[in-house]
2 protein chains.
Amino acid sequence: MPSSIKNIFKKGLNISISGSLWIESGTERFLGPGPVELLERISKTGSINQAAKQMGMSYQKAWRIVNTLNTQTAKPVVIVQTGGEKGGGSTISDEAKQLIKYHGQLRERFTAFLKKETIKLKK
Amino acid sequence: MPSSIKNIFKKGLNISISGSLWIESGTERFLGPGPVELLERISKTGSINQAAKQMGMSYQKAWRIVNTLNTQTAKPVVIVQTGGEKGGGSTISDEAKQLIKYHGQLRERFTAFLKKETIKLKK
DNA sequence: CGTCGTTATCTTTTGAATAATATAACGACT
DNA sequence: AGTCGTTATATTATTCAAAAGATAACGACG
């Protein structure tokens, strides 16, 4: 049996390569999986508040995410209305939808990378 | 100008894809960059204590890392001697050196992936 | 058997991120 | 003007992880 990384570890352990991925500008990191899901739910519910509730997240945290996103983008990706009919609400821009799509594809490539490395490790 | 992800963001921001990577078994994650550097320094100094100091890390934390590694591997990767000449000391096994090498190569492939994605994003 | 610097643990403290609480502002509509 | 549910923001608690501190055990060697 040729020396392999795999059998340095205890037998029976399910070793895998794992990681996380995000988009950042300078030190500010944003647009990981959480924010993307938030965008999707805002789009569906029309409300930051309800989107947050669905995710078991506080409104404050959701708002911070939205705010970070909006300050990093040329035009706000979440367009909000405070007050008004039904008290207000939020929708997401076309650019936001583009970002969601892009993020999904990026993530697919990343998980493929991880999978490949995990398989390679187990050889 | 065709619609591109890049110019959804504010002009002038240096957007990049970033991430982190580690090896894990079940829920236990280990062997990220920190532990690897620790192994290298233990190898050079012959002491967990000194290695930790060089990295500005507490001995306790270093020991926990070493302990986690040693309990995940078939044979201890850090072989320790408590007491004795000079009070004791630690060396690393050949397997540890293999792990260091493997991790370096893995990390190279990962940074290449990130770089590629960042470039693709900027097109 | 005393010395040495290290390994091995336990306990306490600190600090920072997260969550909870509270309150105000908003504006269409009746 | 009053109602509605939302957005906006500040303040206070809580939790949890990391750090710090303290103490004991270890064993070759003079």
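Naming: A, B, ... by sequence-line order, numbering from 1 per chain.
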Might you confirm whether atom NZ of A/Lys10 has over 12 heavy atoms from other residues, nucleotides or ligands at distances under 6.0 Å?
->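 Check passes, neighbour count above 12.
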
Under 6.0 Å from the NZ atom of A/Lys120, do we count more than 12 heavy atoms belonging to anything else shown?
->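 Yes, enclosed.
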
Answer yes or no: is there a side-chain heavy-atom contact under 4.5 Å between B/Leu69 and B/Thr73?
->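 A side-chain contact under 4.5 Å is absent here.
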
Give me the residues of residues 45-72 of chain B where at least one heavy atom lies under 4.0 Å from an atom of DNA chain D, by number, or none.
->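 Of all residues in residues 45-72 of chain B, the ones placing a heavy atom under 4.0 Å from DNA chain D are B/Gln60, B/Lys61.
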
Does A/Asn14 use its side chain to pair, donor to acceptor, with the backbone of B/Ser25 at less than 3.5 Å?
->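 Between the backbone of B/Ser25 and the side chain of A/Asn14 there is no qualifying donor-acceptor contact (under 3.5 Å).
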
Using the side-chain hydrogen bond (donor to acceptor under 3.5 Å, both in side chains) rule, take A/Ser20 and B/Ser20 through it: C-alpha gap first, then chi angles, then the decisive distance, then the call.
-> CA-CA 5 Å; A/Ser20 67; B/Ser20 68; 3.3 Å; yes

With sequence neighbours left out, write down each residue that passes ring pair (Phe, Tyr, Trp, His ring centres under 6.0 Å) with B/Phe9, or none if nothing qualifies.
->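 Listed in chain order: A/Phe30.
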
First and last nucleotide of DNA chain D, 5' to 3', lying under 4.0 Å from heavy atoms of chain A |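 Extent of the interface on DNA chain D: D/dG5 to D/dA10.
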
Is a salt bridge present between B/Glu37 and B/Arg41, judged by a nitrogen-to-oxygen distance below 4.0 Å?
->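 So B/Glu37 pairs with B/Arg41 through a salt bridge.
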
